[in-house]
Amino acid sequence: MTQTADELLGFKIGPQTVAENLSKAVASAALLQHEDGSYELAPAKEGVSPWLHVVNGPSLDCQFKMRFLFDHAYGQKAVPLGCQNCYKVGVTPKSLSQLMALKAVQADMGLKSKCGVEVDRETTQNLYSGFFYCEGLDGARSVYQQARLAIDSHPELGPEVAMRIKRGCTEYELHCGPSDQFTFAPELEKLERHLSSQFVRPVKSTVNPLKAKLSTLARWISTAFRIGDDSYLEFTRGKRLYPRTVTYEPSSSAT
């Protein structure tokens with residue numbers, strides 16, 4: 001039986017319905033609602049991205065699934081059905097030098113992936129990270145083997161670089177529990193199809209891609225300097241971002 005929009009939005013996730021969650025997001029100005037009833041994420045100040053991506057295949061539509069559905073429509077109380085089969089192979093470089101090497105590995109492999117700095121994120125202890133996006137656990141295991149071989153044989157990386165398989169976004173586990181216990185209500189299929197038709201996707205950034213990439217690389221270098229990772233000097237021709245201050249002996253040598 002065909003359900004009306006009101007019936008779909010009346011589905012309860014946690015203590016509130018989807019309609020109530022959306023109304024709350026609109027009232028807080030986190031979402032904009034247009035006259036035709038469609039929704040759009042409130043404009044965010046465009047900063048320098050910590051990530052560089054290898055784009056391969058169609059968009060994962062994470063703005064819709066993560067930022068709209070999970071954050072607002074579901075009030076962070078349910079993982080979107082559209083993310084059910086999303087797995088990632090995570091790689092944890094220990095220095096900027098290793099991050100740059102991982103960037104090259106990802107480019108050579110050509111799989112949908114990203115790498116960048118995470119030191120400013122409160123929900124992880126990783127300084128640098130890389131991720132390969134995969135469809136299903138079997139797909140992730142296959143990519144893991146490919147990436148493990150490439151990383152182990154790279155002179156700047158090697159077997160000591162940690163790798164792992166994870167499911168979905170970290171935020172999902174923070175709010176919804178362990179990923180091996182995620183549940184997906186059957187009602188989400190029709191609901192997400194309806195909400196997808198009501199969501200206005202963000203327009204593509206007008207920032208020059210080369211300029212954006214260079215800004216991200218500059219952010220990587222400044223982050224490495226800030227956390228005491230002097231491997232950044234490999235990418236500044238040995239020039240420090242800021243000079244060392246003069247230091248003095250704690251006691252006088254005068255007699």
Exercise. Begin with the C-alpha distance, continue with both residues' side-chain angles, and end with the deciding distance and a verdict on side-chain contact (heavy atoms from CB on, under 4.5 Å) for Arg240 and Leu233.
Key: CA-CA 7 Å; Arg240 296 186 59 81; Leu233 293 167; 4.1 Å; yes
Quiz item: Can you pull the side chain to side chain donor-acceptor pair (under 3.5 Å) pairs that have at least one residue in residues 225-234, sequence neighbours excluded?
Solution: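 Listed by first then second residue: Ser97-Glu234, Asp120-Arg226, Tyr128-Asp229, Asp229-Ser231.
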Might you point out which heavy atoms bring [X] and [Y] nearest each other, and give the distance in Å?
| X | Y | answer |
| --- | --- | --- |
| Trp51 | Ser129 | CZ3-O, 3.7 Å |
| Ala150 | Met109 | CB-SD, 4.2 Å |
| Lys112 | Pro58 | NZ-O, 3.0 Å |
| Ser49 | Thr216 | O-OG1, 2.9 Å |
| Ala78 | Cys176 | N-SG, 3.8 Å |
| Leu195 | Ala73 | CD1-CB, 4.1 Å |

From Tyr74, Phe70, Phe184, residue fulfilling ring pair (Phe, Tyr, Trp, His ring centres under 6.0 Å) relative to Tyr172:
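Single ring pair (Phe, Tyr, Trp, His ring centres under 6.0 Å) partner of Tyr172 among Tyr74, Phe70, Phe184: Phe70.
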If Ile, Leu, Val, Met, Phe, Trp and Tyr residues are connected whenever their side-chain heavy atoms lie under 4.5 Å apart, and connections chain through other members, are [X] and [Y] in the same group?
| X | Y | value |
| --- | --- | --- |
| Val79 | Leu69 | yes |
| Phe199 | Leu8 | yes |
| Leu111 | Val54 | no |

Notebook entry, point to check: What's the verdict on salt bridge (Lys or Arg N to Asp or Glu O under 4.0 Å) for Arg193 and Glu189, showing C-alpha distance, side-chain angles and the deciding distance?
Noted result: CA-CA 6 Å; Arg193 192 181 308 125; Glu189 183 176 1; 3.4 Å; yes
Any donor-acceptor pair under 3.5 Å from [X] side chain to [Y] backbone:
| X | Y | answer |
| --- | --- | --- |
| Ser196 | Glu192 | no |
| Arg219 | Val48 | yes |
| Asn126 | Glu118 | no |
| Lys114 | Phe131 | no |
| Glu20 | Thr17 | yes |
| Ser142 | Gly139 | no |
| Gln98 | Lys94 | yes |
| Gln198 | Tyr39 | no |

* Worked verdict on Asp61 versus Lys65 for salt bridge (Lys or Arg N to Asp or Glu O under 4.0 Å) -> CA-CA 6 Å; Asp61 209 11; Lys65 296 172 185 175; 5.9 Å; no
Hey, mind stepping through Arg164 and Thr92 against side-chain contact (heavy atoms from CB on, under 4.5 Å) and telling me if it holds?
CA-CA 9 Å; Arg164 68 198 185 282; Thr92 312; 3.3 Å; yes
Practice prompt. Decide yes or no on side-chain contact (heavy atoms from CB on, under 4.5 Å) for Trp220 and Leu52, but give the supporting numbers first.
Written response: CA-CA 10 Å; Trp220 288 9; Leu52 290 179; 3.8 Å; yes
To the nearest 0.5 Å, what is the distance between [atom1] on [X] and [atom2] on [Y]?
| X | Y | atom1 | atom2 | result |
| --- | --- | --- | --- | --- |
| Ile165 | Ser179 | CD1 | OG | 11.0 Å |
| Gln3 | Lys190 | CD | NZ | 5.0 Å |
| Ile13 | Leu191 | CD1 | CG | 6.0 Å |
| Glu135 | Asn85 | CD | CG | 5.0 Å |
| Lys103 | Leu99 | NZ | CG | 8.5 Å |
| Leu157 | Arg148 | CG | CZ | 9.0 Å |

Is it the case that over 12 heavy atoms from other parts of the model lie below 6.0 angstrom from the CD atom of Gln125?
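No, CD of Gln125 has 12 or fewer neighbouring heavy atoms, counting only those of other groups under 6.0 Å.
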Query - Ring-face cation contact, Phe64 with Arg201, 6.0 Å cut, 45° max - result: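 Yes, cation above the ring, under 6.0 Å and within 45°.
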>> Test side chain to side chain donor-acceptor pair (under 3.5 Å) on Ser38 and Asp36; report intermediate values, then the result.
In response: CA-CA 6 Å; Ser38 62; Asp36 63 359; 2.7 Å; yes
(Q) If you define the side chain from C-beta out and look only at heavy atoms, does anything of Tyr87 sit under 4.5 Å from Arg141? (A)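 Tyr87 does not reach Arg141 side chain to side chain.
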Q: Please name the residue in the list Glu173, Lys88, Gln84 that meets the side-chain contact (heavy atoms from CB on, under 4.5 Å) test with Arg167.
A: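 Of the listed residues Glu173, Lys88, Gln84, the side-chain contact (heavy atoms from CB on, under 4.5 Å) partner of Arg167 is Gln84.
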